[in-house]
**Q** 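Just dropping this structure here.
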Amino acid sequence: MPHPFASIAKRDIDLGADKKRSYFSLPALEQQGLGRVSRLPVSLRIVLESLLRNCDEKRVFERQVRALAAWQPQAPREDEIPFTVGRIVLNCAAGIPLLGDLTAIRGAVKRMGYSGEIVGPRVPVDMALDHTLTVDYHGTPDALARNMELEIKRNEERFRFVKWAMQAYQGIRLMPPGWGILHQLNLEFLAPGFLEKDGVCYPDTLVGTDSHTCMIAGLGVVGWGVGGIEAEAAMLGQPVYFLTPDVVGVHVTGALRQGIMATDLVLRVTEMLRQAKVVGKFVEFFGEGVKSLTLPDRATISNMAVEYGATIGYFPVDEQTCKYLLQTGRTAERVSAVEKFYRAQGCFGAAREDEVDYSRVVELDLSSIVASVAGPKRPQDRIALAEIKSKFESVLTEPLASGGYGKPGPRSAAIGGRADHGDVVIAAITSCTNTSNPGVMLAAGLVAKKAVARGLKTKPWVKTSLTPGSTVVSKYLEATGLQRSLDQLGFNVAGYSCGTCVGASGPIDATLEKTIMDNDVVACAVLSGNRNFEARIHPAVRASFLASPPLVVAFALAGRVDVDFENDPVGRNDAGEPVYLRELWPTGEELERALATAANPAFYREIYSGDIAKKNPLWAGIEQATGELYLWQSDSTYIKEPPFLDAALQKSTLCDIKAARALAILGNSITTDHISPIGSIKSTSPAGKYLQSHGVAPVDFNNYGARRMNHEVMMRGTFANVRLKNLMVPGVDGGVTVHQPSGEQTIIYDAAMRYASENVPLIVVAGEEYGTGSARDWAAKGTRLLGVRAVVAASFERIHRSNLVGMGVLPCQLAAGVTAATLALDGSEAFDLTGLDDDAKPGEALTLVVHRANGRTDNVPVTLRLDTPAEIDYVRHGGIMPYVLSEITKAAVKSGA
């Protein structure tokens, strides 16, 4: 039964199918005088409905419902929101370690004498094994089959664990390997439009263990990415706590011009909103221009909310949503019910100008968008396509200190090898951002078709690949005849998985790579992904550019990035005749005809019918383990019982830190890739040495991503990115630091272990946007296991800050304008962090005391970035896992379980 307060807004609704349902009405809440709910941003109304429906005066209180209903656009943000989500989605990269943590909690509960069954999902969970394939083979008809066979071979032990977990925990639906990328599957299949439980209908809401979970906001679903640590708590029925957000409205006007792709649009939106500083805020799109954007175009924009820093980029449910649901095989009855439900809630359709109150408004004129790429190191660094040649030539010669490559000039014949600056060595049509969008995928196919017809070929040094986010993409590319043309250019399907975008690009030609490395060539990748951080795509690639799928094809044909497509040919045919990009680009009519073929609901119904897990014979052949508890193998180098419930890690970290040393002093835009790389493991690295000491040959190392359930490997890989720049060791790249007070230069892992033996606490100092990029738990887990007690930064990205809190590491923010440079830190200092105790409050003022080698002491004000009372509780327990264990056992005692 709902709480009496919530009952004031409970109403019946007829959604068809002769079934009586009820819902908690937002218009009724306004009629009761709780506030002008109809003036709230639609995204906040969905959150408000969750608070109202879950109001129980235990975890969600009436005062919190009233506070959100009365939200003011420019008010100070001090109130905590306990958001109870309707479902959870897991990718495998964080999802498999999450299942490991869950299993560790179950084991701890059993050892305490309680039933293991009290540990398990309390909300529906969907999981996709979508980050386990590497593009080893490419450009051939058998590339897909060979890559999938390798995927199973490399990950068999992890997959056995997943199979065990599926029988051990009820309520998890699994998408096996080879099925697609979580976010695209969520759009096309998993998202039901709205949710139902016990006769009550409510909006679809979720969190997921991948930062790009926010893609689903393009479908009108309030959902975003969190770390696996936080998702674990939500899976066990805990609310997701966050500070009441500002909501930035993006007023959309105009329409995209012919030939402009959704990718061009999202790169401009990412650039614009990064400049608008929307980190940690909700972004909501409104205005007449929204109607002209297809659902896949909206999803592309929502997908990159992480790159522009927002929690979500939200598009309300409207006619385009319903059209997409029908096109992707949802029944007409279901889609009709979706429309009726959101209309009844007053949440159907994007707001018109001046209908809704936003914290501030940013203008977006769709007609102003031009063809673009982004790079060479960050997704927000947009470059108009017309300027790519001049921009690359400029950045090539800019000094390293200014973000350039410090080369004496552009393409240099002096290298004398097979490679030169600006050569494209990887061209990948990849990532959920774009492969979920039939418009850009078909455009790529049409460019390929015209290129083949004109006798063009991709350059031989370019590794080409196509890794769609679902098998439906192949259905419509084959139905339109365009896959044949893509195959002829080397864009054969290499997997249905997150590939090159996540760094699983596989090897390039060994001789080519040696030339690149020996001559310090700035080799390039062009990909239709969402991330292009340094050292992410491939160790030999220094510059990476994000581009639309048809532009990926164009750059593969050109073979280099320093090309002026307006005046330079994209290539020459066998007769030596020049062919220009404008001759290959699809017309509006050509694209519309292809889209009409692709918009076939039967494709989706065929793919997503029946038992999906049984459709992959390789998956079916993996051994099935059973039992309530997992039998951890002490000699496994892939899977070990997580250590995060060890007694030493179950202590409050809310206490002063004395005589700490800096493990690293870092600059701006340090990504989670810098902190916890996902790529290959070097044989000379601490992780490589550990694996070899346990009998693993370098050829069998796999990568850090595959070893995420072995904390011994992962903590050794923390801060091990080859492009990390620790300001304590100027001029040296990689995971290197200086031990103090000895002054010895050493590997970061080795230094951390030495400090641990000396009982010296550690801190990390960093600049702005610390922890940008993937929602990578291990960037926080590894930090904690290395003995880092606090991270002091100019600013934090949302998910990583939350992950640090979840691991009991204290995020502390410097005052505006204060940096390691202004403080003149060089790593020789000792640090105290004072003002902390177990009664700490959110946002408390602390003091970082800097003891310099010359005897001088400076007191630096910092803000404790524990933003909510819930986060204080997590840290008081040593992190989320100990907190959740405590809550579970308290409930068990109370219920007598």
**Q** Please evaluate residues Lys323 and Glu319 with respect to the criterion salt bridge (Lys or Arg N to Asp or Glu O under 4.0 Å), reporting the C-alpha separation (whole Å), side-chain torsions for both, the decisive distance (0.1 Å), and the verdict.
**A** CA-CA 6 Å; Lys323 179 181 178 182; Glu319 290 85 358; over 6 Å; no
**Q** Is it true that Arg593 and Glu589 make a salt bridge, defined as a side-chain N closer than 4.0 Å to a carboxylate O?
**A**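 A salt bridge is absent here (no side-chain N lies under 4.0 Å from a carboxylate O).
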**Q** Hydrogens and angles aside, do Tyr604 and Ser470 bring a side-chain donor and acceptor to less than 3.5 Å of each other?
**A**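 The answer is no; no qualifying pair exists.
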**Q** Is it the case that the side chain of Ser802 and the backbone of Arg798 share a donor-acceptor pair, with hydrogens and angles ignored and the cut-off at 3.5 Å?
**A**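 No, because the side chain of Ser802 does not come within donor-acceptor range (under 3.5 Å) of the backbone of Arg798.
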**Q** For Gln345 and Phe24, indicate whether the former's side chain and the latter's backbone hold a donor-acceptor pair under 3.5 Å.
**A**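 The answer is yes, because a donor-acceptor pair under 3.5 Å joins these two groups.
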**Q** Considering the options Leu44, Asp246, Val248, which one meets the side chain to side chain contact (heavy atoms under 4.5 Å, CB included) requirement together with Phe282?
**A**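 Between Phe282 and the candidates, side chain to side chain contact (heavy atoms under 4.5 Å, CB included) is satisfied uniquely by Leu44.
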**Q** In terms of the angle between their ring planes, are His251 and Phe286 parallel, tilted or perpendicular, with boundaries placed at 30° and 60°?
**A**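 Correct class here is parallel.
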**Q** Establish, yes or no, whether the cationic atom of Arg334 lies under 6.0 Å from the six-membered ring centre of Phe194 and within 45° of the ring axis.
**A**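 Yes, Arg334 lies over the aromatic ring of Phe194.
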**Q** With a 4.5 Å cut-off on side-chain heavy atoms, are Thr263 and Leu546 touching?
**A**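 The answer is no, as the side chains (C-beta and beyond) never meet within the 4.5 Å cut-off.
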**Q** So does Arg87 pair up with Asp204, basic N to acidic O under 4.0 Å?
**A**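 Answer for the salt bridge query: yes.
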**Q** Salt-bridge test for Asp14 and Arg21: reply yes if a basic N is under 4.0 Å from a carboxylate O, no otherwise.
**A**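 Arg21 and Asp14: not salt-bridged.
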**Q** How about Tyr608 and Trp179: do any of their side-chain heavy atoms sit closer than 4.5 Å?
**A**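 Heavy-atom side-chain distance check passes, below 4.5 Å.
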**Q** Got a donor-acceptor contact below 3.5 angstrom from the Asp264 side chain to the Ser548 backbone?
**A**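 Between the backbone of Ser548 and the side chain of Asp264 there is no qualifying donor-acceptor contact (under 3.5 Å).
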**Q** Locate the shortest heavy-atom distance separating Asn434 from Val440; write the atom from each residue and the value.
**A**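 The pair with the smallest heavy-atom distance is O-CG2, 3.3 Å.
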**Q** I would like to know whether Thr433 and Asn303 meet side chain to side chain donor-acceptor pair (under 3.5 Å); could you show each step before the answer?
**A** CA-CA 6 Å; Thr433 309; Asn303 176 281; 2.7 Å; yes
**Q** Check for a donor-acceptor pair, side chain of Thr209 on one end and backbone N or O of Asn91 on the other, with a separation under 3.5 Å.
**A**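 Side chain of Thr209 to backbone of Asn91: a pair is present.
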**Q** Minimum heavy-atom separation for Arg11 and Ser25, please, with both atom names.
**A**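 That closest heavy-atom pairing would be CG-CB, 3.8 Å.
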**Q** Give a yes or no on whether the backbone of Gly86 and the side-chain of Thr205 come within a donor-acceptor separation of less than 3.5 Å.
**A**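 Present.
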**Q** Donor-acceptor pair, Asp56 side chain versus Arg59 backbone, under 3.5 Å?
**A**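 The answer is yes, because a donor-acceptor pair under 3.5 Å joins these two groups.
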**Q** In the structure I gave you, are the side-chain heavy atoms of Val60 and Gln64 within less than 4.5 Å of one another anywhere?
**A**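 A side-chain contact exists here, since the closest heavy-atom pair is under 4.5 Å.
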**Q** Might you point out which heavy atoms bring Val226 and Ile799 nearest each other, and give the distance in Å?
**A**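 Val226 and Ile799 have their closest heavy atoms at C-CG2, 4.1 Å.
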**Q** If you look at every heavy atom in Pro203 and Leu195, which pair is closest and at what distance?
**A**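 Scanning both residues completely, I find the closest heavy atoms to be O-CD1, 4.1 Å.
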**Q** Thinking salt bridges, do Glu339 and Arg343 make one under a 4.0 Å N-O criterion?
**A**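 Result for this pair is yes, salt bridge flagged.
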**Q** Using the six-membered ring of Tyr202, assess whether NZ or CZ of Arg53 lies under 6.0 Å from its centre and within 45 degrees of the ring axis.
**A**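 Yes, Arg53 and Tyr202 form such a contact.
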**Q** When you look at Phe285 and Ile301, which way does the side chain to side chain contact (heavy atoms under 4.5 Å, CB included) test go after all the steps?
**A** CA-CA 10 Å; Phe285 295 84; Ile301 294 169; 3.5 Å; yes
**Q** List the steps and the verdict of side chain to side chain donor-acceptor pair (under 3.5 Å) for Thr270 and Glu307.
**A** CA-CA 6 Å; Thr270 300; Glu307 280 64 50; over 6 Å; no
**Q** For Val269 and Tyr308, work out which heavy atoms get closest and say how close.
**A**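 Of all heavy-atom pairs spanning Val269 and Tyr308, the closest is CG1-CE2, 3.9 Å.
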**Q** Would you mind reporting whether Leu446 and Leu591 have side-chain heavy atoms less than 4.5 Å apart?
**A**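 Result yes, sub-4.5 Å side-chain heavy-atom pair found.
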**Q** So, for Ile13 and Ala344, which heavy atoms are closest and what is the spacing to 0.1 Å?
**A**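 Closest pair (atom of Ile13, atom of Ala344, distance): CD1-CB, 3.8 Å.
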**Q** State plainly whether the residues Glu188 and Lys475 are in salt-bridge range, i.e. N to O under 4.0 Å.
**A**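 Looking at Lys475 together with Glu188, the answer is no, because their closest N to O distance does not fall below 4.0 Å.
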**Q** Between Gln32 (side chain) and Leu29 (backbone), is there a donor-acceptor pair under 3.5 Å?
**A**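 Such a contact is absent between Gln32 side chain and Leu29 backbone.
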**Q** Is Asp318 reaching over with its side chain to a backbone N or O of Thr321, donor-acceptor style, under 3.5 angstrom?
**A**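 Indeed, once roles are kept as given, a pair shorter than 3.5 Å links the two residues.
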**Q** Are more than 12 heavy atoms from other residues, nucleotides or ligands located less than 6.0 Å from atom CZ of Arg36?
**A**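 No, because the 6.0 Å sphere around CZ of Arg36 holds 12 heavy atoms or fewer from other groups.
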**Q** Which of parallel (below 30°), tilted (30 to 60°) and perpendicular (above 60°) describes Tyr23 and Phe341?
**A**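 Perpendicular, since the angle between the ring planes exceeds 60°.
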**Q** Check Glu769 with Arg274, please: is the shortest side-chain N to carboxylate O separation under 4.0 Å?
**A**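 The answer is yes: the pair qualifies as a salt bridge.
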**Q** Hey, are the side chains of Met175 and Leu182 touching, using non-hydrogen atoms and a 4.5 Å cut-off?
**A**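 A side-chain contact is absent here, since even the closest heavy-atom pair is not under 4.5 Å.
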**Q** Regarding His212 and Gln184, is there a side-chain donor-to-acceptor distance under 3.5 Å anywhere?
**A**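 Side-chain D/A pair, His212 to Gln184: absent.
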**Q** Side chains of Pro316 and Val290, heavy atoms from C-beta outward: is any pair under 4.5 Å?
**A**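 No, their side chains stay 4.5 Å or more apart.
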**Q** Are Asp126 and Leu90 packed together at the side-chain level, in the sense that at least one heavy-atom pair is separated by less than 4.5 angstrom?
**A**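 No, every pair of side-chain atoms sits at 4.5 Å or beyond.
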**Q** Give a yes or no on whether the backbone of Gly346 and the side-chain of Arg45 come within a donor-acceptor separation of less than 3.5 Å.
**A**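 Yes; judged by distance alone, with no hydrogens or angles, the pair exists.
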**Q** Within the structure provided, determine whether Ser431 and Leu527 are in side-chain contact (heavy-atom separation under 4.5 Å).
**A**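 Ser431 vs Leu527: side chains apart.
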**Q** Kindly indicate, with the supporting measurements, whether the criterion side chain to side chain contact (heavy atoms under 4.5 Å, CB included) is fulfilled by Ser372 and Leu385.
**A** CA-CA 5 Å; Ser372 300; Leu385 184 64; 5.9 Å; no
**Q** Backbone N or O of Glu80 within a donor-acceptor pair of the Thr868 side chain at under 3.5 Å?
**A**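 No, because the side chain of Thr868 does not come within donor-acceptor range (under 3.5 Å) of the backbone of Glu80.
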**Q** Drop me the distance from Ile607's CD1 to Leu185's CG, to the nearest 0.5 angstrom.
**A**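 Reported value, rounded in 0.5 Å steps: 10.5 Å.
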**Q** With side chain to side chain contact (heavy atoms under 4.5 Å, CB included) as the test, would you mind laying out the steps for Thr328 and Val472 before giving the verdict?
**A** CA-CA 10 Å; Thr328 49; Val472 174; over 6 Å; no
**Q** List the steps and the verdict of ring-ring contact (aromatic ring centres under 6.0 Å, His included) for Trp224 and Tyr314.
**A** CA-CA 10 Å; Trp224 56 82; Tyr314 184 75; over 10 Å; no
